[in-house]
Amino acid sequence: KMVTKSVERAQTTVEQKNAEVRKNVLKYDEVMNEQRKIIYARREQILAGGDLRDEAVEAIGDAVDGAVGTYCVADFAEEWELDGLHAEIQQMWQSEISMEELSAATSTSELTESLSAEAMGRYEAKEAEIGEERMRSVERQLMLRLLDQRWREHLSEMDHLRDGINLRAMGQRDPLTEWQHEGFDLFSEMIRSLNVNYVRYIMHVEVVAPTEDDS
């Protein structure tokens, strides 16, 4: 009887642990499912031929905000890294705002406003150059390619995170909570990187008209 009771207790303990593991797995999956919903909704919009102009404008704003936030963290202009900001902006579009003009700004909001205005001017000029309909088509193709690429990379990063997340318990931290927080940070970084790359490409896109040889 003692052996039987010991086996029953051991079996109950194992079943409880297995139930807890299944519960945690579901919670881990919930984080990924929420991210998938966002990505798949965006893909469906693109594949359905949706108009991405608003998304392009939002991406430009996010890219400018991110650049200013990265190189101008401090409240004092003397501590801004304007060389880095200028170089970052030049990679996204061929800015005509000089270092002197950047240095004349007295606040980060002033920097953001001037850079955003120039970026939108370049975007609208590109749109007028190649035509609105063709611009929408280019935006869809570009966003779909970048979205799929960055999502694959993100899935790999999340796999690496999950492989080592249980080690956080050794530091008296809840692995699931760490997974949720760091998973959100990785997803946010993926979106930021996607927007920056999108702006870089859309600002430099050139549409070449087909020649007679191509027809």
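Given the structure is predicted, the values throughout are model-derived calculations rather than measurements.
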Would you compute the distance between atom [atom1] of [X] and atom [atom2] of [Y] and round it to the nearest 0.5 angstrom?
{"X": "Asp185", "Y": "Leu161", "atom1": "CG", "atom2": "CG", "value": "10.0 Å"}
{"X": "Ser156", "Y": "Arg152", "atom1": "OG", "atom2": "CZ", "value": "11.5 Å"}
{"X": "Ser193", "Y": "Leu186", "atom1": "OG", "atom2": "CG", "value": "12.0 Å"}
{"X": "Glu189", "Y": "Leu194", "atom1": "CD", "atom2": "CG", "value": "11.0 Å"}
{"X": "Leu142", "Y": "Tyr201", "atom1": "CG", "atom2": "OH", "value": "8.0 Å"}
{"X": "Glu113", "Y": "Thr108", "atom1": "CD", "atom2": "OG1", "value": "11.5 Å"}

Evaluate whether atom CD of Glu58 has more than 12 neighbouring non-hydrogen atoms of other residues, nucleotides or ligands under 6.0 angstrom away.
->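 Counting neighbours around CD of Glu58, 12 or fewer heavy atoms of other residues, nucleotides or ligands fall under 6.0 Å, so no.
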
Heavy atoms from other residues, nucleotides or ligands near CD of Glu132 exceed 12 (cutoff 6.0 Å) | no

Cluster check [X], [Y]: I/L/V/M/F/W/Y, side chain < 4.5 angstrom:
{"X": "Tyr40", "Y": "Met158", "answer": "yes"}
{"X": "Val73", "Y": "Ile89", "answer": "no"}
{"X": "Val31", "Y": "Phe184", "answer": "no"}
{"X": "Leu47", "Y": "Trp151", "answer": "yes"}

How far apart are the closest heavy atoms of [X] and [Y], and which atoms are they?
{"X": "Tyr198", "Y": "Ala59", "result": "CD2-CB, 3.9 Å"}
{"X": "Ala105", "Y": "Ala77", "result": "O-CB, 4.4 Å"}
{"X": "Ala67", "Y": "Met92", "result": "CB-CE, 4.2 Å"}

With a 4.5 Å limit on heavy-atom distance, are the side chains of [X] and [Y] in contact?
{"X": "Arg200", "Y": "Trp93", "value": "no"}
{"X": "Ile60", "Y": "Met203", "value": "yes"}
{"X": "Glu118", "Y": "Ser95", "value": "yes"}
{"X": "Ile39", "Y": "Arg36", "value": "no"}
{"X": "Leu85", "Y": "Leu115", "value": "yes"}
{"X": "Ser107", "Y": "Leu111", "value": "no"}
{"X": "Arg136", "Y": "Leu52", "value": "no"}
{"X": "Val196", "Y": "Glu88", "value": "yes"}

Residues 69-80 vs side-chain hydrogen bond (donor to acceptor under 3.5 Å, both in side chains), sequence neighbours excluded, gives none

Given the rule in the side-chain contact (heavy atoms from CB on, under 4.5 Å) test, do Glu34 and Glu30 qualify, once you have shown the distances and angles that lead to the verdict?
-> CA-CA 6 Å; Glu34 289 302 313; Glu30 285 174 4; 5.7 Å; no

Counting N and O atoms only, with roles assigned by atom type, does the side chain of His160 sit under 3.5 Å from a partner on the main chain of Leu155, one being a donor and the other an acceptor?
-> no

Whether Glu139 side chain and Glu55 backbone form a donor-acceptor pair below 3.5 Å =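 It does not hold such a pair.
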
Could Arg43 and Asp148 be called an ion pair, given the rule that one side-chain N must be under 4.0 Å from one carboxylate O?
->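 A salt bridge links Arg43 with Asp148.
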
Does Glu96 come within less than 4.0 Å of Arg122, counting only side-chain N to carboxylate O?
-> yes

Would you please test Arg42 and Lys37 for side-chain contact (heavy atoms from CB on, under 4.5 Å) and show each step?
-> CA-CA 9 Å; Arg42 175 64 68 87; Lys37 287 178 183 178; over 6 Å; no

Give the C-alpha distance, both sets of side-chain angles, the deciding distance and a yes or no for salt bridge (Lys or Arg N to Asp or Glu O under 4.0 Å) between Lys126 and Glu206.
-> CA-CA 9 Å; Lys126 181 69 66 175; Glu206 298 288 343; 3.4 Å; yes

Classify the side-chain pair Glu110/Ser114 by whether it contains a donor and acceptor separated by less than 3.5 Å.
-> no

Going by atom types alone, do His204 and Gln94 pair a side-chain donor with an acceptor below 3.5 Å?
->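 Side-chain D/A pair, His204 to Gln94: absent.
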
Those residues that, when tested against Arg150, pass salt bridge (Lys or Arg N to Asp or Glu O under 4.0 Å) (two or more places apart) |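 With neighbours one apart ignored, the set is Glu153.
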
Using the side-chain contact (heavy atoms from CB on, under 4.5 Å) rule, take Met99 and Leu102 through it: C-alpha gap first, then chi angles, then the decisive distance, then the call.
-> CA-CA 5 Å; Met99 283 292 298; Leu102 291 178; 4.3 Å; yes

So Met143 and Ile202, side-chain contact (heavy atoms from CB on, under 4.5 Å) or not? Walk me through it.
-> CA-CA 9 Å; Met143 178 59 79; Ile202 205 66; over 6 Å; no

Can you list the residues that meet the side-chain contact (heavy atoms from CB on, under 4.5 Å) rule with Thr112, with sequence neighbours excluded?
->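 Counting only residues at least two positions away or on another chain, Thr112 forms a side-chain contact (heavy atoms from CB on, under 4.5 Å) with Val64, Asp65, Val68, Ser116.
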
Determine, step by step, whether Glu127 and Arg53 satisfy the salt bridge (Lys or Arg N to Asp or Glu O under 4.0 Å) criterion, reporting the C-alpha distance in whole Å, the side-chain angles of both residues, the deciding distance to 0.1 Å, and the verdict.
-> CA-CA 10 Å; Glu127 184 179 52; Arg53 192 182 195 281; 3.0 Å; yes

